[in-house]
**Student:** 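Structure incoming, see below.
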Amino acid sequence: MSLVGKILRDYRVVYVILLVLVAAALVTPLGLPLLVSKEVKTIYDHLESIPPGSNIGVGSDFMFETFPEMGDSFRALFRYCLKKNLNFICINTDVKAQGNPLVEQVFREVSIPKEKKYGVDYVNLGFLPGEEAALANFAKDVQGTAVRDARGTPISELPIMKNVKTMKDFALWFGFGGVTGDYPERYLRQIQVPYKIGVAYACQAGVAPTIKPYVASGQLLGLLSSVRGGAEFELITGMLGGGAVQMDSLSLSHMFMLLVIIAGNIYWFGTRSGRENR
Amino acid sequence: MTPLEGFTGIVAAGLSLMVWSILYRPNSLFRMCENVYVGAATGFSVVVGLKEIWSRGILQASGQNPLPAVAVVVGLLMYARFAQRGWRWLARLPLAVLLGVGFGASIRAVIQAQIIEQIRDTMRPLVTGTALGSINNIIIVVGTLCTLFYFFYSVEHTGVFQYPSRIGRAIMMMAFGASFGMIFQGRIVTLSSPMMAVVRYPGSYLIPIGLIVLFYAIWRDSKKACK
């Protein structure tokens, strides 16, 4: 076999081309078109209908390894809430998640307007042990369940929490499913069904097809699926960020994989007769 | 950019390159990163756990409310599995509490959220005002029924019954294909997100070093293969 043939048969060639494509698209963005899906638009429309000063609850159950997929959606939502004067209240209840440091990292990274203050406009209530039971307790009695925020301040001293007593005081709940195998059912069971509060969800790409039935049935307001969902949300809110930057590399890599699949099939069918004759 | 930000940028880019080295072949740099990640994640979970036990359990129990002490004691019983055989059954108590609380909390709305609403959404009119709407509803209704029939084992899937079964299988294969495509998207994101740290300053300074190490590894392996 020739040297070129040997190289082409090495699967690592696909990795190298993927790495180069992704890097090239990040260094020189192509500006490929991106459309906003209905699932993202419904979330945006709902957020737009919420009056300023309302509370947005956020389930920030990220893991270190899933944060690259969820981070852009989270940052976009945070920036949008700051811009629209919506109170941004985070909790995480999943024992497997590492939400606390990641939320604090976003609070440090995002350029926050000077007039917006921690504890007044946004807060991280930290980890509440107990998973779904903790979520149920939080929904029933916010002040009794989250006694202190993630920085150790008693929530009685936080102005943002003054009028937040139960889940009924939230205008929207936004769940982030960054934990492997995590799905939005617990938010539906503990928030949407008992309190009739709208629930939106952001998830990893791999689990999005299993969550879409909840969007179709109207139980979830909408879905931000991985970086693409984040990029769409950035686009519709007019605040472009990391999600939009990565979309070109995603599109290029998908196109490349399509080509590889087509070429592989052509090669397989082309050499089948030869194999059968042998 | 502060010196600390520059340093963290270099570390992030360096770790990313070390992790990607697995694409060439398994090596000690990759294993080092793997161990660093497992150690960091485990260490974080242990610290959070201990902090919660201290602040929500021990500190509160020493105050006016003694109830958290009960939770701490029940939680400690989890370690009874390491005790002598006669005491190991005690480890089942916290498990029973955990399962009971978990089921109790979730069961109250599970039927409404996951069964009734989903069944209701599959009961759609087959003829709507628009052609696309009708086609969409027909696909949902027929697809759901055929997929359910695929898992109905009381009738042999031959003759007339083979058709709904085959349609159900085809629908499931489409769903698996969609999942596979989305998983690929997720994997690319886990490549592109750290790639941003690599291609930008100061991480970009590590690219030539990474390439030199890669070419050296290729040269050394090819030399070994020749021998």
**Student:** Between A/Pro209 and chain B, with a heavy-atom cut-off of 4.5 Å, which part of the residue counts as in contact: side chain, backbone, both or neither?
**Tutor:**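 Only the side chain of A/Pro209 comes within 4.5 Å of chain B.
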**Student:** Tell me, for B/Glu52 versus chain A, whether the close heavy atoms (under 4.5 Å) come from the side chain, the backbone, both or neither.
**Tutor:** side chain
**Student:** Carefully, step by step, assess A/Arg186 and A/Thr93 under the rule side chain to side chain donor-acceptor pair (under 3.5 Å).
**Tutor:** CA-CA 11 Å; A/Arg186 61 184 169 144; A/Thr93 53; 2.9 Å; yes
**Student:** If you look at every heavy atom in B/Pro202 and B/Ile10, which pair is closest and at what distance?
**Tutor:**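 Shortest heavy-atom separation between B/Pro202 and B/Ile10 comes out as O-CD1, 3.6 Å.
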**Student:** In terms of the angle between their ring planes, are A/Tyr187 and A/Trp173 parallel, tilted or perpendicular, with boundaries placed at 30° and 60°?
**Tutor:**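 The rings of A/Tyr187 and A/Trp173 sit tilted, inter-plane angle from 30° to 60°.
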**Student:** Check A/Asp94 against A/Asp61 and note the closest heavy-atom contact, atom names and distance.
**Tutor:** N-OD1, 3.1 Å
**Student:** Less than 4.5 Å to any heavy atom of chain B: does that hold for the side chain of A/Val16, its backbone, both, or neither?
**Tutor:** neither
**Student:** Under a 4.5 Å heavy-atom cut-off, does chain A meet the side chain of B/Tyr24, its backbone, both or neither?
**Tutor:** both
**Student:** Tell me, for A/Pro213 versus chain B, whether the close heavy atoms (under 4.5 Å) come from the side chain, the backbone, both or neither.
**Tutor:** both
**Student:** Determine, for A/Lys212 against A/Glu39, whether the closest basic-nitrogen to carboxylate-oxygen distance falls under 4.0 angstrom.
**Tutor:**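 A salt bridge is present here (some side-chain N lies under 4.0 Å from a carboxylate O).
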**Student:** Quick one about A/Gln190 and A/Tyr195 (side-chain donor to acceptor, distance below 3.5 Å, no hydrogens or angles considered), yes or no?
**Tutor:**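 No, no side-chain donor-acceptor contact under 3.5 Å.
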**Student:** Against chain A, label B/Arg120 side chain, backbone, both or neither, depending on which of its atoms sit under 4.5 Å from a heavy atom there.
**Tutor:**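 No part of it gets close to chain A.
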**Student:** Which region of A/Ala97, side chain (C-beta onward) or backbone (N, CA, C, O), has a non-hydrogen atom less than 4.5 Å from a non-hydrogen atom of chain B, or is it both or neither?
**Tutor:** backbone
**Student:** Heavy-atom cut-off 4.5 Å, strictly under: side chain, backbone, both or neither for A/Tyr15 against chain B?
**Tutor:**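 For A/Tyr15, side-chain heavy atoms alone lie under 4.5 Å from chain B.
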**Student:** So what's closer than 4.5 Å to chain B heavy atoms on A/Leu19: side chain, backbone, both or neither?
**Tutor:** both
**Student:** Side chain, backbone, both or neither: which part of A/Ala139 has a non-hydrogen atom closer than 4.5 Å to chain B?
**Tutor:**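 Contact with chain B is absent: no heavy atom of A/Ala139 under 4.5 Å.
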**Student:** So which atom in A/Glu132 and which in B/Ala105 form the shortest heavy-atom distance, rounded to 0.1 Å?
**Tutor:**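 Minimum heavy-atom contact is OE2-O, 4.1 Å.
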**Student:** So what's closer than 4.5 Å to chain B heavy atoms on A/Thr210: side chain, backbone, both or neither?
**Tutor:**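 For A/Thr210, there is no contact with chain B at all, as no heavy atom is under 4.5 Å.
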**Student:** Measuring heavy-atom distances to chain B, does A/Glu131 have an atom under 4.5 Å in its side chain, in its backbone, in both, or in neither?
**Tutor:** neither
**Student:** Check each atom of B/Val110 against the heavy atoms of chain A and say whether the ones under 4.5 Å are side chain, backbone, both or neither.
**Tutor:** both
**Student:** Heavy atoms only, distances under 4.5 angstrom: which of B/Ala175, B/Ser106, B/Ala41 has the most pairs with chain A? Name it, please.
**Tutor:**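 Sorted descending by pairs with chain A, the first entry is B/Ser106.
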**Student:** Examine distances only and state if a side-chain atom of A/Asn265 and a backbone atom of A/Ile261 form a donor-acceptor pair shorter than 3.5 Å.
**Tutor:**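 It does hold such a pair.
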**Student:** Quick one: of B/Ser179, B/Gly104, B/Gly49, B/Ser45, who has the most non-hydrogen atom pairs under 4.5 Å with chain A?
**Tutor:** B/Ser179
**Student:** Quick one: does A/Asn137's side chain have a donor or acceptor within less than 3.5 Å of a partner on A/Thr145's backbone?
**Tutor:**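 Answer holds: no.
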**Student:** Determine, for A/Asp72 against A/Arg228, whether the closest basic-nitrogen to carboxylate-oxygen distance falls under 4.0 angstrom.
**Tutor:**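 No, A/Asp72 and A/Arg228 are not salt-bridged.
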